[in-house]
Amino acid sequence: MDAPLPVPSIPPRLDPDSLLATLNDAQRAAVEAPWGPVLVLAGPGSGKTRVLTQRIAWLVGVLGVPPWQVLAVTFTNKAAREMRTRVEALLGEGALGRLTLGTFHGVCAAFLRREAGRAHDAGLVAFDRDFVIYDGDDQLALVKRAIKELDIDEKQYRARAVLGAISAAKNEMLRAADYRPPTYWHEIAARVWARYDQLLQASNALDFDDLLLQTTALLQADRELLERYRSRWQWLLVDEFQDTNSVQYTLLKLLSAAEVAEAPHNIFVVGDEDQSIYRWRGADWRNIERFRKDFPAARVVLLERNYRSTQVILDAARAVIDRNRHRTPKALWTEREGGARLTLFEAYDETEEAAWVAAQIARHVERGEQGGDIAVMYRTNAQSRALEDALVRRRIPYRLVGATRFYDRREVRDALAYLRLAHNPRDEVSLARVINVPPRGIGPKAWEALRAVAHEHDEPLIDALRRIAEDGSGAIDTRTARALGAFHALLSDLIAQRADTPPSLLLDQALTASGYATWLRDGTEEGEDRWANLLELGSVAADFDAYPPREGLSAMLESVALVADVDSLDAGTAEERVTLLTLHSAKGLEFPTVFLTGLEEGTLPHMRSGDDPDALEEERRLLYVGLTRAERQLYLVHAFRRTFMGSTEPRERSRFLDDIPLAALAESAGRSAARARETSWKPSSTTWKPSTAASASSAAGAAPGGGELLRPGQKVRHATFGAGVVVAAVERGADQEVTVAFTGGGVRKLLQSFAKLERA
DNA sequence: GTAACCGAACTTTTT
DNA sequence: GTTCGGTTAC
């Protein structure tokens, strides 16, 4: 995360007045605050990033603070990148070579690598500077293994739940040793935890939580080190402060020398309780209250002026969020008075919901709006499917944010496992992952035998592997021993090469020598798709080829572990594409037009929230985040019934909708008044324009516009609704609007061009 | 040991 | 609807 090359240039002096000229009064008060703690409560769209970046520019450019004394932390890589770019624009490139700006996890990982030796001395968990970082999937694999090894019932102690408990405990700054399990279940979970930590250590690995935890623990245990970093990082800045968890808060307190009364406490935090949506991950908006208590001298600045949305949107959002109890009241205002009212639509089910959304989008696009200015948001990823289908049918290009992430793909993880093993041969999760991928005759039995040997000699698996490769081993039959030997030879080769082979070449070696490439490219289309992902990974690796090889590999693996998003894959016409994303991933973004879908009880608020008031408040914040993403136009959509996990059930509209004042809503939008009618929504004729491309390619399927018109009485079949009988059929231009009574219940009007009814 | 099949379980959000 | 794990057949 640190810039690799410190450039010894003197940052320019900036003219304070011109720096402040673009800011409003509240923003200015924050940016030019003198030393001491500052708490900025920033409503959505109030320019918090601007405040953070100008603050850094102010410190360095006006107060003359050396950049290396500044530590700025964010939660996402994207935010870090954006801040760096913007600060550089103010101060000039190179001026910030030694500024530390990164994510919590990135900064901690870099710190731990640098100070790995001291962690050893402090008697903390041992790891060396080559440690690997285990992400959620790796963690889960390890927990599963721990559960199996301890002979614990996997049904009752589901790995996911146990991992959740472990992670929650770690986020509370607990260690396995001093954990006091509240229930018997947790007692067992604690046992798994202890084993899990042993396994981590044996793999020379740290999980995500450990990056924060070990950093904090090390600074607590090593006074001298703490003093060193306190005098280095004298100016702390924190973005999205409401999302910090206990460990992060403790770390910040530690670095800012909170307990030393005469210390300057130069800690500048920006946050918004109303946008705290990561409670389940340990985030605690109450850290804002703690901050006020721990730093009573803190200057508090409220940013209430909104530069994003119309007043109508802000009023609706405020009506929703005002019902939460624990918050600092804020009155967002904007100069963009008035604005279009919100549209509320009730769809019959998720299919119609999606079709309606797609139709509205088509209308917007027809009126000249760019697809890229439109976003469709939902609570759970599963909801994207119907929306995608509808957009595909209308040939509206879209991009899906954060679905199957690039680094979560199986082939990418396999390939990375080879590289991780080359880098850190003790990595047992990676070893287990690829020891038989591609299949090389090392099944469960061989794996058990290998583990037995390792256990017997009390050595890492990799050493046991070598032992077997070298001496054979009595208890293992020759065929298995040979397979293990061959695998060991493969790994040794890679390990030997890592010192002088650039990452991209090493990857190539791994994929070729292991036979992975041949195995993957089995001639199917899927195989080629997966291969394409590996080529993409190759180009990621190539970015690190310029480093000295060993460092290149290390840097690449770290970057890959901490950077989740690579949506560079399908670059291109970004401005045409509608964005589909969850409410969580929408935080921080803005779009002229926003659709919020699935606004029903059970979805938002999600059923998992039950009647836990804190959970419900968070669901409400989630809606608030969604509402405040919109600049000009907002659509609120819910469905009368929804299919979820196989079964279809009626849905009531979200209770949160009741809080939106009628004045904010456009009248008689959709069919909320007559919800139970079984007729389908009918697109207005302006909505649907049969482009030649559309009819041409769908004609290949079911001959919609051309010739074969459906007649009443005709039995038909629909991909979703199943069998039915045509009740009526009306021509609509080149298309046909067909009314069908479905055997499964329901009478619907459908456009043949996209309903694609087949004669049955 | 592997591949193919089946049923069961699970689905919130992710640095 | 998916993915995971277990069972069966080769």
Which pairs, with at least one residue in residues 432-445 of chain A and sequence neighbours excluded, count as a salt bridge (charged side-chain N to carboxylate O under 4.0 Å, His left out)?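 Only A/Asp414-A/Arg433 qualify under salt bridge (charged side-chain N to carboxylate O under 4.0 Å, His left out).
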
If a pair satisfies salt bridge (charged side-chain N to carboxylate O under 4.0 Å, His left out) and one of its residues is in residues 99-113 of chain A, list it, with sequence neighbours excluded.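 Matches after skipping sequence neighbours: A/Arg113-A/Glu558.
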
Using atom [atom1] of [X] as one end and atom [atom2] of [N] as the other, report the distance to the nearest whole Å.
| X | N | atom1 | atom2 | result |
| --- | --- | --- | --- | --- |
| A/Ile277 | B/dT13 | CD1 | P | 12 Å |
| A/Glu388 | C/dG1 | CD | P | 15 Å |
| A/Leu140 | B/dT14 | CG | P | 16 Å |
| A/Gln139 | B/dT14 | CD | P | 16 Å |
| A/Asn171 | B/dT14 | CG | P | 16 Å |
| A/Glu240 | B/dT13 | CD | P | 19 Å |
| A/Lys587 | B/dT14 | NZ | P | 12 Å |
| A/Leu581 | B/dT14 | CG | P | 10 Å |

Can you name the atoms? Protein N/O to nucleotides 1-10 of chain B N/O, anything below 3.5 Å, with the distance.
{"unit_1": "B/dT2", "atom_1": "OP1", "unit_2": "A/Gly441", "atom_2": "N", "d": "2.9"}
{"unit_1": "B/dT2", "atom_1": "OP2", "unit_2": "A/Asn436", "atom_2": "ND2", "d": "3.0"}

For [X], enumerate each residue passing the salt bridge (charged side-chain N to carboxylate O under 4.0 Å, His left out) test, keeping only those at least two apart in sequence or located in another chain.
| X | result |
| --- | --- |
| A/Arg86 | A/Glu82 |
| A/Arg655 | A/Glu601 |
| A/Arg482 | none |
| A/Asp284 | A/Arg286, A/Arg290 |

If you pin A/Ser609 and A/Thr74 to their nearest nucleotides in DNA chain B, which one's is more 5'?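 On the 5' side of the pair lies A/Ser609.
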
So, do A/Tyr278 and B/dT14 meet the stacking rule of ring centres under 5.5 Å and planes under 30°?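 It does not: the two rings, one from A/Tyr278 and one from B/dT14, miss the stacking criterion.
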
If you look at every heavy atom in A/Arg642 and A/Gly598, which pair is closest and at what distance?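 Heavy atoms only, the tightest pair is NH2-CA, 3.3 Å.
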
B/dT14 OP1/OP2 closer than 4.0 Å to side-chain N/O of A/Thr76: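 For A/Thr76, the contact criterion (side-chain N or O under 4.0 Å from OP1 or OP2 of B/dT14) is not met.
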
Do A/Leu604 and A/Tyr378 come within less than 4.5 Å of each other through their side chains, counting heavy atoms only?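 Heavy-atom side-chain distance check fails, nothing below 4.5 Å.
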
Residue pairs, two or more places apart or on separate chains, that pass ring-ring contact (aromatic ring centres under 6.0 Å, His included) and touch residues 598-617 of chain A: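 Those involving residues 598-617 of chain A do not exist here.
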
Using nucleotides 4-10 of chain C, report all nitrogen or oxygen pairs with the protein that are shorter than 3.5 Å.
{"unit_1": "C/dG5", "atom_1": "OP1", "unit_2": "A/Lys144", "atom_2": "NZ", "d": "3.1"}

